There are 2 protein chains.
Amino acid sequence: MTASTLSEVAKLAGVSPATASRVLNGSARTPAPEIAERVRQAADTLGYIANAQAQGLAKARSGLIGLIVHDIADPYFSAIARGVQAAAREQGKMVLLATTEGTPADERAAVAAFAARRADSIVIAGSRSTQPGDKDSNTELAAELDRYCRNGGKVGVVGHSIVGASHPDGYHVVDVPNEELAAKLAVELSAGTQGDFVIIGGPEGRLTSDDRIRGFQRGLSDAGLPEAEVIRSRFNREGGYEAGLQLAARIKAGQSGGTRFCIFAANDVMAIGAVAALRSEGLRIPRDALIAGFDDIETLRDFRPPLTTVSLPLEEIGRLAALGSSNDRDGSEDASAHSSVTGTVVLRRSTETASAPG
Amino acid sequence: MTASTLSEVAKLAGVSPATASRVLNGSARTPAPEIAERVRQAADTLGYIANAQAQGLAKARSGLIGLIVHDIADPYFSAIARGVQAAAREQGKMVLLATTEGTPADERAAVAAFAARRADSIVIAGSRSTQPGDKDSNTELAAELDRYCRNGGKVGVVGHSIVGASHPDGYHVVDVPNEELAAKLAVELSAGTQGDFVIIGGPEGRLTSDDRIRGFQRGLSDAGLPEAEVIRSRFNREGGYEAGLQLAARIKAGQSGGTRFCIFAANDVMAIGAVAALRSEGLRIPRDALIAGFDDIETLRDFRPPLTTVSLPLEEIGRLAALGSSNDRDGSEDASAHSSVTGTVVLRRSTETASAPG
DNA sequence: ATGAAGTGGGAAAGCGCATTCCCATTGCAT
DNA sequence: ATGCAATGGGAATGCGCTTTCCCACTTCAT
């Protein structure tokens, strides 16, 4: 037994499919109340559920919003996903998920898949990479997105505008002031710290990571401090762990010169990994080293010692990206090519210089 | 400018739409290589992307798999989502996301929405509730799912079979031995513990929570210990926190009778909340109380003190649910109504009775 | 040389719905 | 009473694709 169709409902109600369509799925024209009731009853007894695919075909809109993330299990992305999901819900849409592990080629494929499904809009989160090896893929990604826009799609971008993308009004980017906030963090940290600064960053070319590193360096410089050394690693917990091991060895070898290293990890998850590594080497935070992260991941807030970080309204970011790229076109002016959020530096115990009582 | 269509491609290639369809999207019949090449070229120059909605309509399959979770930002669910996503990818499908906050009414709506989109299968994660107030909604949820199955849909269920659902072969449930594992945890904990056991559980009627509580009690009983008190709270971090505050007050009032409470929180996130509460009251783990969780959430593994818990292969669970409900029907026998996973008790510092050196 | 079997492309009929147009009916003003 | 606009339902078309069926042509066996 297959699902019942509109015409079956119409037949049962003794009306035409057109009328049934009008009453069941919103239309400008509203049939007479008595007829409407009959149709609704028929639909009910048949357990009618409109075929969204057919509707999409007929209306050229799908009610779908595509979401591209690196890894849905990464708390950074899942927080954004929650925001996107909330926005989708508000608009009566559904979200389609794609994970890409950050590779531009997969992102391109995801965009194509979304385009195939005629997603009304696409939200692309997660920093793109500008590594030389990814150059072609990036160009193709931009091309694919442009094509999608040209065909009427809207795309919401978290963080930076897409490199190479050029369609005039198809993109809505949610600016995240990674650089400024990282600078601010550096300034605030430098106030009460005397040890050397070290940065644990993602791979070179990872935009978000690069922004944060650049900002942090600028902050140091603004505070009259020398540039910090940068250790490159993967942009996840394991990357942080590995970098942490390196640092631990150096700390134990006395390379921190009598003072504590102040470590800045480009995101919270890396910071946690680094802390785990330091601990596994018998070092303690903040006794033997200070450390700060970025993002203020919710699940990590109960971590000990509490992690100094930059709090970002991730859910809101997701919401804005989804809303900004919604098809409320006929744009209220041009006001909507960008929206921006702000974050706040949150100093916590992991960077406290006065040795804690406990 | 709107996306180009199959017939445009066909025209450009000088063939019929039928032929174009055959070469571009897999078919049993394969046109001549030379023609195929021409079609492919035409598709390429036009930037043709098949309209999945139209394909879905024509083929009566959508290539979509619906995923229902309480909250995508909850690490438990996002881990499962990752598994589902992986399975979807293997099968060349996409996942459609719905979040419900655990309310049966929303779950019902999500199922209906998936049915409307003609999702090939639905994975429903997250414990259903059997609270009296939800009874009707639950019945409706079951009815909706049954209807979906009757129309040819497959549903993968994480944890328990759907209460009230009855369609013979539409459901594939991934059994999670919550009860057994909780019992095992209780037994292992009781070995080295003398204090009273206390359970922090979710609201009554929450299936997963109830299973774990029941199992834990059984384990205690098997070990010859009296039944533990159960504190009911919300099934998330805040719930754990609130329960933790209550317990902290009692511990400080000396109600633990000279020994330490051994707290079992029905999931890791609650456990973390409880730990945070105890800490905020100046208590320390495991010095002042022991605590164990359930799930072994990845992001929480670096937590201090390391949390005793039950490790569950969440990603695998998601995979199995998605795969098991995939339309490889013509079922290899009936072998596939269930699949099961197993977990392991992981004893860590949070329940160590020998007072730690540090 | 002839027919049967096989090969490969095209025409056409939907898939389930929205929507445009058309037509019958009604209400009103004249 | 007559004409007009407004109202509301139905027929038909098309959204973009798959798939069945048909037909022209080739190839082989006889």
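Just so we're on the same page: letters track the sequence lines, and every chain starts at 1. Quick caveat: nothing in here was measured; it's all calculated off a predicted structure.
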Take the protein atom [atom1] of [X] and the nucleotide atom [atom2] of [N], then report the distance between them rounded to whole Å.
X	N	atom1	atom2	answer
A:Arg117	D:dC15	CZ	P	21 Å
A:Lys11	D:dG10	NZ	P	14 Å
A:Leu46	C:dG16	CG	C1'	14 Å
A:Asn151	D:dC15	CG	P	16 Å
B:Leu57	C:dA13	CG	C1'	14 Å
A:Asn51	C:dG14	CG	P	18 Å
B:Gln53	C:dC15	CD	C1'	13 Å
B:Ile49	D:dG16	CD1	P	14 Å

* Hey, is the side chain of B:Asn25 poking within less than 4.0 Å of OP1 or OP2 on D:dC17, counting only N and O atoms? ->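 B:Asn25 to D:dC17 OP1/OP2: no side-chain N or O under 4.0 Å.
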* Asked: Is any side-chain nitrogen or oxygen of A:Gln55 closer than 4.0 Å to OP1 or OP2 of C:dC17?
  -> no
So, [X] and [Y], do they make that salt bridge, N to O below 4.0 Å?
X	Y	answer
B:Asp136	B:Arg108	no
B:Glu34	B:Arg38	yes
A:Lys154	A:Asp120	no
B:Lys11	B:Glu8	no

* To do: Given side chain to side chain contact (heavy atoms under 4.5 Å, CB included), test B:Leu64 with B:Lys93 step by step and report yes or no.
  => CA-CA 6 Å; B:Leu64 254 25; B:Lys93 301 192 173 185; over 6 Å; no
* Would A:Ile65 and A:Val123 satisfy side chain to side chain contact (heavy atoms under 4.5 Å, CB included), going step by step from the backbone distance to the final call? -> CA-CA 7 Å; A:Ile65 137 170; A:Val123 172; 4.1 Å; yes
* Asked: Out of C:dG10, D:dG9, D:dC17, which nucleotide sits closest to the side chain of B:Ser16?
  ->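 Ranking C:dG10, D:dG9, D:dC17 by closest atom to the B:Ser16 side chain puts C:dG10 first.
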* Asked: In terms of side-chain heavy atoms of A:Val15, which of C:dG16, D:dC17, D:dG10 is nearest?
  ->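 So the nucleotide nearest the side chain must be D:dG10.
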What N/O pairs connect the protein and nucleotides 19-22 of chain D at under 3.5 Å? Give each pair on its own line.
{"residue": "D:dC21", "atom": "N4", "partner": "B:Arg29", "partner atom": "NH1", "Å": "3.3"}

* **Side-chain touch B:Leu96/A:Val95, heavy atoms, less than 4.5 angstrom** => no
